[in-house]
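Notes follow the structure.
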Amino acid sequence: MNFLLIVFILALVVIYLSVVIVQQGTVAVITVFGKYARVLRPGLNFKIPFIEVIYRRISIQNRSVELAFQAITADQANVNFKAMLVYSVLNQEEETVKNVAFKFIDEASFMQALIRTIEGSIRSFVATKRQSEILALRSEIIEHVKSQLDTLLESWGYHLTDLQLNDIAFDEVIMRSMAQVVASSNLKAAAENEGQALLITKTKAAEAEGNAIQISAEAEKKASQLRGQGVALFREEVAKGMAESAKVMTEAKLDASLILFSIWTEAIKHFAENGRGNVIFLDGSTDGMEKTMKQLLAVQTLNSGIESSGIVTPPPMSGRQ
């Protein structure tokens with residue numbers, strides 16, 4: 001009875017040691033006497049107790065790690081990087097799993113090699129660039145690292161899924177100087193914009209003033225022409241009227257000096273009403289009135305000759321009125 005119980009217990013132990021449950025997203029590497037034998041996939045698996053041993057369980061899921069390190073630019077500026085690395089096993093093929101299981105002595109050694117490789121790649125890239133260029137080269141840095149790591153990680157059985165540079169910062173002194181440079185650049189741009197705006201404003205104002213002067217000059221020119229035409233017509237009509245009056249007076253055998261006397265009295269009246277205290281000297285002598293009368297008669301004679309020939313022109317006026 002005791003023997004059967006011992007056999008039963010041994011059978012249970014053998015069955016327990018033979019059953020291997022592999023979790024989803026994981027594979028198990030089996031060795032026989034220290035030598036690779038096979039790979040167990042997720043689910044229920046069996047192995048030979050005491051002969052087959054689970055050497056290592058490998059996760060095929062994505063894994064992430066955060067990095068923080070420092071690099072130096074070509075102009076000796078310290079740059080602090082904070083990055084996030086996402087990586088995973090390349091695939092579930094047997095050869096890939098063997099590389100992952102046996103390439104490094106343990107997971108810590110692999111992580112150390114991976115981190116140092118990424119840091120070295122970024123540092124070698126940054127060392128060829130100047131401080132002012134680094135912030136604009138985020139995507140170029142990532143592409144540089146990926147291009148160098150893809151082949152190396154594949155030989156280790158891994159794949160670099162993603163690399164993100166979450167933070168790129170300089171020392172406090174450099175950051176403060178960069179802020180001053182940006183501020184001064186903004187002030188310079190603002191001053192240039194203000195100068196351009198002032199120049200445009202003054203230019204437009206000058207153009208408007210020039211246009212206004214031109215329009216005013218054109219209007220004055222037109223007004224002067226109209227005034228000249230009006231004065232010429234006025235003189236023509238006055239001359240015609242006086243010549244006609246002289247003719248009528250002559251035909252009626254009246255003294256034409258009455259016309260001059262009438263004009264004289266009207267002028268005196270106009271001066272008295274509108275003179276505003278100004279002193280005006282008039283030639284009121286008999287000789288002056290007689291000379292004016294002769295001029296009017298000459299104008300009348302000239303107008304009669306022109307009308308008979310069909311040509312109408314303003315009569316010539318005496319230089320003294």
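Computed from a predicted model, the values in this text were never measured in an experiment. All heavy atoms count here, side chains included; hydrogens, waters and symmetry mates do not. We count residues from 1, following the sequence as given.
- Across every non-hydrogen atom of N166 and A83, the tightest pair is ND2-C, 4.2 Å.
- Taking a 6.0 Å sphere around CD of Q24, one finds it holds 12 or fewer heavy atoms contributed by other residues, nucleotides or ligands.
- To the nearest 0.5 Å, atoms OG (S59) and CD (Q23) are separated by 11.0 Å.
- Hydrophobic clustering, with ILVMFWY side chains joined whenever heavy atoms are under 4.5 angstrom apart, groups Y36 together with Y55.
- Rounding to the nearest 0.5 angstrom, the gap separating the CE atom in M111 from the CG atom in L85 is 6.5 Å.
- In terms of heavy atoms, T26 sits closest to V22 at O-CG1, 3.1 Å.
- At least one donor-acceptor pair closer than 3.5 Å links the side chain of R123 to the backbone N or O of Q70.
- Using a 3.5 Å distance cut-off with no hydrogens or angles, the side chains of N99 and T96 do not pair a donor with an acceptor.
- Within the 3.5 Å criterion, the main-chain N or O of L165 finds a donor-acceptor partner in the side chain of R138.
- Taken from CG in N62 to NE2 in H159, the straight-line distance is 8.5 Å, to the nearest 0.5 Å.
- Using modelled atom types, one side-chain atom of E52 and one backbone atom of I48 make a donor-acceptor pair closer than 3.5 Å.
- Environment of CD1 in I21: sparse, with no more than 12 heavy atoms of neighbouring residues, nucleotides or ligands closer than 6.0 Å.
- Within the 3.5 Å criterion, the main-chain N or O of E143 finds a donor-acceptor partner in the side chain of S147.
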Checking side-chain contact (heavy atoms from CB on, under 4.5 Å) for the pair L17/F46: CA distance, chi angles, key distance, verdict?
CA-CA 9 Å; L17 295 176; F46 296 94; over 6 Å; no
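- You'll find the ring centres of F110 and Y87 inside the 6.0 Å limit.
- We find the CZ-OH distance between R63 and Y158 to be 4.5 Å, quoted to the nearest 0.5 Å.
- Under the 4.5 Å side-chain heavy-atom criterion for ILVMFWY residues, no single connected hydrophobic cluster contains both I54 and V100.
- In this structure, D75 contributes its side chain and R130 its backbone to no donor-acceptor pair below 3.5 Å.
- Without hydrogens or angle criteria, S109 side chain to I105 main chain gives no donor-acceptor distance under 3.5 Å.
- With K47 contributing its side chain and L40 its backbone, the two residues share no donor-acceptor pair below 3.5 Å.
- A side-chain donor-acceptor contact under 3.5 Å links S121 and Q148.
- Of all heavy-atom pairs spanning T73 and V79, the tightest one is CG2-CG2, 3.5 Å.
- Between I168 and I134, the shortest heavy-atom distance links the atoms CG2-CG2, 3.9 Å.
- Rounded to the nearest 0.5 angstrom, S216 OG and K221 NZ are separated by 13.5 Å.
- Considering only heavy atoms from C-beta on, F69 stays 4.5 Å or farther from N80 through its side chain.
- The environment of E207 atom CD is dense: over 12 non-hydrogen atoms of other residues, nucleotides or ligands sit within 6.0 angstrom.
- Taking 4.0 Å as the cut-off between side-chain N and carboxylate O, R116 and E119 count as a salt-bridged pair.
- Put simply, the side chain of L114 does not reach to within 4.5 Å of the side chain of Q112, judged on heavy atoms.
- I118 and L149 get closest at one heavy-atom pair: CG1-CD1, 3.2 Å.
- In this structure, the side chain of R41 engages the main chain of Q92 through a donor-acceptor pair within 3.5 Å.
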Go through R56 and E107 one step at a time and tell me if the salt bridge (charged side-chain N to carboxylate O under 4.0 Å, His left out) criterion holds.
CA-CA 11 Å; R56 188 174 173 186; E107 185 72 16; 3.1 Å; yes
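- Between the side chain of E154 and the backbone N or O of T151, no donor-acceptor pair lies under 3.5 Å.
- V20 and V29 are assigned to two separate hydrophobic clusters, defined by single-linkage of ILVMFWY side chains at heavy-atom distances under 4.5 Å.
- The backbone N or O of V89 lies less than 3.5 Å from no partner atom in the side chain of N91, so there is not a single donor-acceptor pair.
- Hydrophobic clustering, with ILVMFWY side chains joined whenever heavy atoms are under 4.5 angstrom apart, keeps I72 apart from F81.
- Nearest heavy atoms, P42 versus G25: CG-N, 4.3 Å.
- For the residue pair E209 and N211, no side-chain donor N or O sits within less than 3.5 Å of a side-chain acceptor on the partner.
- Residue M84 holds its CE atom at 8.5 Å from CG of L163, rounded to the nearest 0.5 Å.
- Both F102 and L153 belong to a single network of hydrophobic side chains, linked directly or stepwise wherever heavy atoms of I, L, V, M, F, W or Y lie under 4.5 Å apart.
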